[in-house]
Amino acid sequence: MRTSFYKYLSAVVLFSLPFQGSAQLNKSLSQQMAATVIGVWNDSLSTTTSGFRPTKWSYDLGVVYEGFEGIWKRTGDATYFKAMQKNMDSYLDKDGTINKYKQTDYNIDNVKNGRTLLLLYKVTGQQKYFKAATVLWDQLQQQPRTKEGGFWHKKIYPNQMWLDGLYMGEPFYAEYAALIKNDRAFDDIANQFIWMEKNARDTKTGLMYHGWDESKAEQWANKTTGRSPHFWARAMGWYGMALVDVLDNFPVNHPKRKELLAILARYAVAIQKVQDVKSGLWYDILDKPHGKGNYHEASASSMFVYTYAKAVRNGYLPKTYFALADKGYKGIKTSFIERVDADKINLKGTVSVSGLGGKPYRDGSYAYYLSEKVVVNDPKGVGAFLLASNEMELAALPKPGVGKTVLLDSYFNNESRIDQSGNALSWHYKWDEQANGGFSFFGGVFNRAGFKTKTLYHTPTAANLSGSSIYIIVDPDNEKENPKPNFVSQSDIKAITTWVNSGGVLVLMANDAPNAELKHFNELAAKFGVFFNGDSKGTVPVAKNFETAKVEVPAGNEIFKNPITLFIKEYSSLKLSGNAKSLLKDKDGDHVMSVTKLGKGTVFVIGDPWVYNEYVDGRKIPANYENFKAMVDLVSWLSKQLK
């Protein structure tokens, strides 16, 4: 990947212009950076008679891919997912063998791309991705370790732990462990951070040295402490990103989670102290702002912005730290971003590489770090900027749901299946489900609007509904889907209607009759003047004949800001009575969506779970169907119904 960006450098930089801001452009900065990447993506693969083959299995690919993942989930534009999949597929054989990878190198850098493999597996269900990820998991199980248990950075660097390695290995380690429900792994994951901090942290500054040699045999290692001589910014950046990414999958009730949060808190203070007050940026050697030749470095500055912004968004750090991210991001835009054209930007100011040992030998001296080339559009810097800019763009979105909770039913819709590891898995319209039938995109829109998303696994009561502002019931089970379905009862109806009357916002999403239990669900809907007809409208008898499921939204709609075209397949039409009001009709004049006001509350009804991933993530239906935009508008409208 690095080679492709360097080749591109000579072609692009000659024609680039100083950055003038992007308020006038339709695409965000993260998308403009991604457009630069996509513009040269094919150069990262070499063409052979058998098709595309990768030039190298390299961790910097994975940093860029994770940047793409964030933009895809925020925009619903599958261009980013398809680019990830196409390029990752070029490395894999059908059986999950990874080309250009050798497990016995025990290079922890090579584990990094496993997170992209897991994403592809969770979204598509294709076993080759899980098999390839398992190869990387197996590497970690066999990775050489220090005496206390820390992973060696590489086999060729015995007895050494580098800050870089925490990012390369631990986020994947945690995500894979969570997927297969291996709870024992989390002790080991936490210990890697604990040991790294213990062995590499300077108590005076709170900063961490780039590397640590347990044997103290390396030329660069302090003969007393084993530490390398300097605080290299990108190494600290890798470590911070590793912490916030691991916490995403680290069990909330695990006893060592508090230790990780404490490490992050100490880290945040140390990084704050070395942020340049004037520019908001960070120097390549963090504690020597006046050192000869020292400079502001783009990849590390992006990593620190990402770490602060994500930690604040997820509640890992106090909100006050966001000001540091904001200042850093403004500095990045001023100092490192330059325009290529109306759609693309470059990222200047990334040091190409810095390491310890090897051939020729890197002694870890100040002179060594400052001798490495600073380049444009290095993938490590680009990937870090994609992550940072996406976080800042998320933060800029309106937050009407702050302090409010959206509750998703998993009692009436309570299907389960066996996963790849033999564990029982609750599935079908779930917040964390990234496959076609999941609600991960729907949940993501709520989260970006400031809402917390939770799941109710029990019958609704006044007590368990009381803390929620929005309650969603979707596709209640019939006997075909669940041998012991939980039907809506009269006590359920009483609890729900009382909650709505007090100001709750209820969302009912049914399905056509063969795919949902409507008899009891209609008893609930009837309280709000709605009846699911149980028909199956919008059927698609011929594959990819999307027109048969098209529903046009005219101008002046209460929910959707602009006239748009929706794809709603096999839905039950509605019969309305009382004060139920139609929000959308299909081409036959049948009701598709409705709203009912009851007391202080609101009820939204549709005869289909139409915002599940398959029809909002951009991968399947043509771009002229704007379900993703409609989903965003729906969340905005629902938030406005709250008192």
Side-chain angles (χ1 to χ4, degrees), residues 2 58-60 105-112 143-170 192-240 242 267 270-271 274 282-295 297 299-300 303 350-375 378 380:
R2 185 188 308 159
S58 175
Y59 69 87
D60 38 13
D105 286 344
Y106 295 115
N107 180 348
I108 206 164
D109 288 345
N110 289 338
V111 175
K112 166 72 197 122
Q143 188 82 4
R145 295 174 180 252
T146 64
K147 292 177 182 177
E148 64 186 345
F151 290 135
W152 289 7
H153 192 64
K154 301 179 184 179
K155 185 171 70 174
I156 61 171
Y157 298 141
N159 309 303
Q160 298 171 37
M161 294 183 73
W162 296 9
L163 296 179
D164 319 30
L166 277 294
Y167 180 73
M168 304 306 163
E170 305 314 310
Q192 300 299 319
F193 288 96
I194 293 167
W195 293 328
M196 190 78 246
E197 187 196 43
K198 176 175 71 74
N199 293 315
R201 184 173 183 266
D202 175 62
T203 55
K204 182 178 179 180
T205 64
L207 298 172
M208 298 172 71
Y209 292 94
H210 186 176
W212 171 71
D213 175 19
E214 181 183 47
S215 70
K216 305 179 180 63
E218 284 294 322
Q219 295 177 37
W220 54 256
N222 182 289
K223 300 311 174 187
T224 302
T225 66
R227 297 166 179 169
S228 60
H230 290 288
F231 308 116
W232 180 45
R234 189 156 74 216
M236 283 288 286
W238 290 130
Y239 189 81
Y267 173 97
I271 293 301
V274 290
W282 285 266
Y283 284 89
D284 188 53
I285 301 301
L286 287 168
D287 65 331
K288 297 187 180 300
H290 305 297
K292 184 178 180 180
N294 204 2
Y295 56 90
E297 204 279 330
S299 68
M303 291 173 180
T350 299
V351 63
S352 58
V353 66
S354 293
L356 297 166
K359 295 180 182 180
Y361 196 82
R362 300 167 294 185
D363 63 4
S365 65
Y366 182 83
Y368 158 69
Y369 282 109
L370 273 295
S371 71
E372 292 287 5
K373 293 180 180 180
V374 178
V375 299
D378 178 276
K380 297 178 288 297

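- Of the possible polar contacts, none joining the Gln160 side chain to the Gly211 backbone as a donor-acceptor pair under 3.5 Å is found.
- Tyr295 has its side chain within reach of Asp284: a pair of non-hydrogen atoms, C-beta onward, lies under 4.5 Å apart.
- A tilted orientation is assigned to the rings of His210 and Tyr369, their planes being inclined by 30° to 60°.
- In terms of heavy atoms, Ser228 sits closest to Leu356 at CB-CD1, 3.9 Å.
- Here the shortest heavy-atom pairing between Val351 and Arg234 reads O-NH1, 2.7 Å.
- With rounding to the nearest 0.5 Å, the separation of CG in Leu163 from CE in Met208 is 5.0 Å.
- Here the side chain of Lys112 pairs no donor or acceptor atom with the backbone of Ser58 at under 3.5 angstrom.
- Asn107 is not listed as a side-chain neighbour of Lys155, based on a closest heavy-atom distance of 4.5 Å or more.
- Taking the six-membered ring where the residue is Trp, the centroids of Phe193 and Tyr239 are separated by under 6.0 Å.
- Across all non-hydrogen atoms, the minimal contact from Asp164 to Ala235 is OD1-CB, 3.8 Å.
- A donor-acceptor pair is defined here as one N or O able to donate and one able to accept, closer than 3.5 Å; no such pair exists between the side chain of Tyr366 and the backbone of Ile285.
- Heavy atoms only, all atoms of each residue included: Gly169 and Val111 are closest at CA-CG1, 4.2 Å.
- Classification of Asp202 and Lys204 as a salt-bridged pair fails, no side-chain N sitting under 4.0 Å from a carboxylate O.
- Checking side-chain atoms of Asp213 against main-chain N and O of Glu218 turns up a donor-acceptor pair under 3.5 Å.
- The NZ atom of Lys147 sits 9.0 Å away from the OG atom of Ser215 when rounded to the nearest 0.5 Å.
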For the pair Arg145 and Glu214, evaluate side chain to side chain contact (heavy atoms under 4.5 Å, CB included) and give the outcome as yes or no after the intermediate values. CA-CA 10 Å; Arg145 295 174 180 252; Glu214 181 183 47; over 6 Å; no
Please determine whether side chain to side chain contact (heavy atoms under 4.5 Å, CB included) holds for the pair Tyr106 and Phe151, giving the CA-CA distance in whole Å, both sets of side-chain angles, and the decisive distance to 0.1 Å. CA-CA 10 Å; Tyr106 295 115; Phe151 290 135; over 6 Å; no
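- Annotation: side chain of Asp105 is not in contact with side chain of Lys154 (no heavy-atom distance under 4.5 Å).
- Residue Lys223 qualifies as enclosed at atom NZ: its count of foreign heavy atoms under 6.0 Å is above 12.
- Considering all non-hydrogen atoms of both residues, Asn222 and Thr225 come closest at OD1-N, 2.9 Å.
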Please evaluate residues Met168 and Asp109 with respect to the criterion side chain to side chain contact (heavy atoms under 4.5 Å, CB included), reporting the C-alpha separation (whole Å), side-chain torsions for both, the decisive distance (0.1 Å), and the verdict. CA-CA 5 Å; Met168 304 306 163; Asp109 288 345; 3.2 Å; yes
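- Residue Tyr209 forms a ring pair (Phe, Tyr, Trp, His ring centres under 6.0 Å) with just one option from Trp162, Trp232, Phe231, and that option is Phe231.
- Remark: the backbone N or O of Arg201 is paired with a side-chain donor or acceptor of Arg227 at under 3.5 angstrom.
- Listed for the Arg362 side chain is a donor-acceptor partner under 3.5 Å among the backbone atoms of Gly357.
- Panel note: side chain Gln143, backbone Trp152; a donor-acceptor pair is recorded below 3.5 Å.
- Looking only at distances, a side-chain donor or acceptor of Asn294 sits under 3.5 Å from a matching main-chain atom of Lys288.
- Note that NE2 of His230 is 11.5 Å distant from OG of Ser354, once rounded to the nearest 0.5 Å.
- Salt-bridge formation is detected for the pair Lys198/Glu148: a Lys NZ or Arg NE/NH1/NH2 atom is positioned less than 4.0 Å from an Asp or Glu carboxylate oxygen.
- Atom CD1 of Ile271 is separated from atom OG1 of Thr205 by 9.0 Å, given to the nearest 0.5 angstrom.
- From Asn159, atom CG reaches atom NE2 of His153 across 14.0 Å, with rounding to the nearest 0.5 Å.
- Val274 and Trp282 get closest at one heavy-atom pair: O-CD1, 3.5 Å.
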